[in-house]
6 protein chains.
Amino acid sequence: MIGYVMDLLLSHGALDVFTQAIGMKKSRPAVLITVICPCDRLEICEDILFRETTTLGIRRRLQERRIIPREIFSIETKLGTARVKIADRNKFKTIQPEYEDCVQLAKIHQLPLSEVQAIVLQIAQSILQD
Amino acid sequence: MIGYVMDLLLSHGALDVFTQAIGMKKSRPAVLITVICPCDRLEICEDILFRETTTLGIRRRLQERRIIPREIFSIETKLGTARVKIADRNKFKTIQPEYEDCVQLAKIHQLPLSEVQAIVLQIAQSILQD
Amino acid sequence: MIGYVMDLLLSHGALDVFTQAIGMKKSRPAVLITVICPCDRLEICEDILFRETTTLGIRRRLQERRIIPREIFSIETKLGTARVKIADRNKFKTIQPEYEDCVQLAKIHQLPLSEVQAIVLQIAQSILQD
Amino acid sequence: MIGYVMDLLLSHGALDVFTQAIGMKKSRPAVLITVICPCDRLEICEDILFRETTTLGIRRRLQERRIIPREIFSIETKLGTARVKIADRNKFKTIQPEYEDCVQLAKIHQLPLSEVQAIVLQIAQSILQD
Amino acid sequence: MIGYVMDLLLSHGALDVFTQAIGMKKSRPAVLITVICPCDRLEICEDILFRETTTLGIRRRLQERRIIPREIFSIETKLGTARVKIADRNKFKTIQPEYEDCVQLAKIHQLPLSEVQAIVLQIAQSILQD
Amino acid sequence: MIGYVMDLLLSHGALDVFTQAIGMKKSRPAVLITVICPCDRLEICEDILFRETTTLGIRRRLQERRIIPREIFSIETKLGTARVKIADRNKFKTIQPEYEDCVQLAKIHQLPLSEVQAIVLQIAQSILQD
């Protein structure tokens, strides 16, 4: 049920969803779901949790977040087009090839995913340095 | 020691207690205990943690909670009496057979716990629909 | 359900039972139950797992175990009687106060569990050294 | 990368794949991947792990498994068609509605997943009892 | 990378750092890092996280903490000098031998760590009682 | 104690050591330690576990392992010397910069660890392609 609930929350505006294994009384293992969402998505996200899980209570709090500016670019590689996410980390930048695009190219070209990611990264780095 | 501390906290007014496996510096696995309690139970719960564990510090915060209205009913089944918890989830209701009661009936009748829960649930559902 | 199954397995001859949080496909968190039992308890333990959980398959193997000789003694303390487990670890011995007994004494005397354990341990150590 | 590797293994004949969080030396959290596969799928599964992950070694063993007979049926409900898996657990049978089908019906009818599962289960139970 | 980041944070003023295994969407296991630091260390700690990890966002909050008074003493044992941490837990005190010192003595004297800790503890207890 | 035991095992010939959080009966969280070692190191590793932990039993089995050939090379970079591990994964090779060396260079040059790793990787890749 958890996978379904995570998808539902993300498609209704949750920014991030993650799960943690917790231990409850009487040796019961359980799963704690954490949802991060904008204020105007709070009600719909809580409604989904109450509708789709067996929880009887949800704890909420206002949370301050510091995020770093990031941009998404499309670049051309010998394997095809892939997007990269460039994050501005104060004094330097980091580049992350988009997971979905690399999976696509890995399947088409029958290459290891890590090799595809390395190829995309290398081209993005050389463009960034110019 | 954890099981003992959890029982102690719950019997002194904690609403919920759960544990999480965490990793600390120098490869040390540790256990994080989270206690949810009403404000007037804060001091006794903190005292228990300081008395029964080796912790040197407790982090606390005021936490807003949204809970849904629930009621507990006793129903009669062919196996005996069992309580069910009925939660009002806005547009529909859910029914959860009480764990302790089902365990009792499963032991008496030598039945799988899940079968006992299904029997209790079925009767509760038919009553709810009337 | 897990707590109930663990109790059931232990009361039917399992030597040890423990659970682990695992991640399955499609983001589904799950619980892996490991049961250690003598060969003549294999069938009853597997039957319990098939009867009480939703599992469709159980993996089994013959497992060699090295255990160390241990003995249980009852000792008298100023708080009352408590059992201790003495394990012979080749060149030295270790002493573990029995959890259940210490919990009992802690409740009766309203003392921290760790203090009760320390008192029991100290007496057991002085007896062992004689 | 893990989600991708899990999908790849399952589509190449692995019977089951799951992950566990482990702690390694120097406080490094890591992920242990366990793959269960038929003997003739061993090589391809190992090749995928060596190709797609950074692991330098794979531990393998022959594993005996006891599985229970199960059958899949299609049943008609007021919400549409859904498959159910019926497992023969020695003295009784259990029914599990197929996850994918219930998700489909839940989306079409805008119902909680658990309600769809309950509806499918109820019809399957009444058919099974005939 | 995690072990390195933990060390870096602690050496730049973080009071405590710990990690938790979490599950993200698409079956991705991940690691959540929690850092507790004084307000004037917030910026440097966030900078380290943005510089050394691939995170794109950090959640922060002001956290109230209740800590108990503790003191560190050096004591002499037959194995050498070791420090102990004495914590004042309202109505009683607890003693924790310093991990680093005990490891040192265990290595020098080729003794089990737990035995060294027991020896240090025993002397500290007898001093405390005077 | 776990960090100490892991170090001790590795320095006495264990090939790999890792820990897992497990749940035991009565809500007790515990840690499972797995040690992989050559046959002639079995006894010393078991002795360490019995001496340094409170375990009363160790499960052991002969384990087949498939490892891939790997070599370690020293390469020169603009930041200084660093070793890289080159693994021969059947149809292609992967390169992993040695963690310890990169940490050293990151500290000396006050650079993010990931940047140091990228620099080392890039030079190793260009050498490998020649």
Side-chain angles (χ1 to χ4, degrees), chain B residues 1-67 89 94 96, chain E residues 1-23 29-38 59-72 84-103 113 117 121:
Chain B
M1 174 220 333
I2 304 281
Y4 177 72
V5 174
M6 288 172 94
D7 283 348
L8 218 56
L9 290 161
L10 290 165
S11 70
H12 281 81
L15 299 172
D16 205 358
V17 184
F18 59 84
T19 60
Q20 282 168 275
I22 62 172
M24 299 189 78
K25 59 186 168 175
K26 290 172 201 146
S27 305
R28 279 186 287 170
V31 172
L32 177 68
I33 303 178
T34 302
V35 183
I36 298 162
C37 69
C39 289
D40 64 344
R41 300 278 94 195
L42 177 64
E43 206 180 317
I44 181 71
C45 286
E46 286 189 357
D47 284 350
I48 290 171
L49 288 170
F50 277 133
R51 197 182 71 208
E52 300 292 343
T53 77
T54 55
T55 192
L56 295 170
I58 297 170
R59 289 167 289 145
R60 54 157 95 123
R61 67 166 176 271
L62 205 64
Q63 180 75 59
E64 201 184 336
R65 237 167 54 121
R66 176 173 157 205
I67 55 173
R89 293 169 189 276
T94 56
Q96 271 181 288
Chain E
M1 173 219 336
I2 305 280
Y4 177 71
V5 174
M6 288 172 94
D7 283 348
L8 218 56
L9 289 162
L10 290 165
S11 70
H12 281 81
L15 300 172
D16 205 358
V17 184
F18 60 85
T19 61
Q20 282 169 275
I22 61 172
V31 172
L32 177 70
I33 303 178
T34 302
V35 184
I36 299 161
C37 69
R59 288 168 289 145
R60 56 157 94 121
R61 67 165 176 271
L62 205 64
Q63 180 75 59
E64 201 182 336
R65 236 165 54 119
R66 177 174 157 202
I67 55 172
I68 51 176
R70 68 205 96 167
E71 279 178 292
I72 287 177
V84 295
K85 195 187 280 161
I86 296 181
D88 196 341
R89 294 169 189 276
N90 199 7
K91 285 174 204 141
F92 65 102
K93 290 177 186 209
T94 56
I95 305 163
Q96 270 180 289
E98 284 288 274
Y99 174 79
E100 304 291 359
D101 296 359
C102 293
V103 165
L113 179 58
Q117 289 170 327
L121 190 62

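We name chains A, B, ... by the order of the sequence lines, and we start the count at 1 in each one.
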Under 4.5 Å heavy-atom distance to chain B, tell me which part of E:Leu15 shows up: side chain, backbone, both or neither.
neither
Among E:Ile36, E:Val17, E:Thr94, which residue forms the greatest number of heavy-atom pairs with chain B at distances under 4.5 Å?
E:Ile36
Between E:Gln96 and chain B, with a heavy-atom cut-off of 4.5 Å, which part of the residue counts as in contact: side chain, backbone, both or neither?
side chain
When you measure from the side chain of E:Arg89 to the backbone of B:Arg51, do you find a donor-acceptor pair of N or O atoms at a distance under 3.5 Å?
no
Leading residue by heavy atom contact count with chain B [cutoff under 4.5 Å; candidates E:Arg70, E:Arg65, E:Glu64]:
E:Glu64
Under 6.0 Å from the CD1 atom of E:Ile72, do we count more than 12 heavy atoms belonging to anything else shown?
yes
Is the backbone N or O of B:Arg60 less than 3.5 Å from a side-chain atom of E:Gln63, with the two atoms forming a donor-acceptor pair by type?
yes
Can you tell which part of E:Asp16 gets under 4.5 Å to a heavy atom of chain B, answering side chain, backbone, both or neither?
side chain
Check each atom of E:Arg66 against the heavy atoms of chain B and say whether the ones under 4.5 Å are side chain, backbone, both or neither.
both
Below 4.5 Å, heavy atoms only, C-beta onward: do E:Ile68 and B:Leu56 meet side chain to side chain?
yes
Spacing of E:Phe18 atom CZ and B:Gln20 atom CD [to the nearest 0.5 Å]
8.0 Å
Relative to chain B, which segment of E:Leu32 carries a heavy atom at a distance below 4.5 Å: side chain, backbone, both, or neither?
neither
To the nearest 0.5 Å, what is the distance between CZ (B:Arg59) and CD1 (E:Ile67)?
13.0 Å
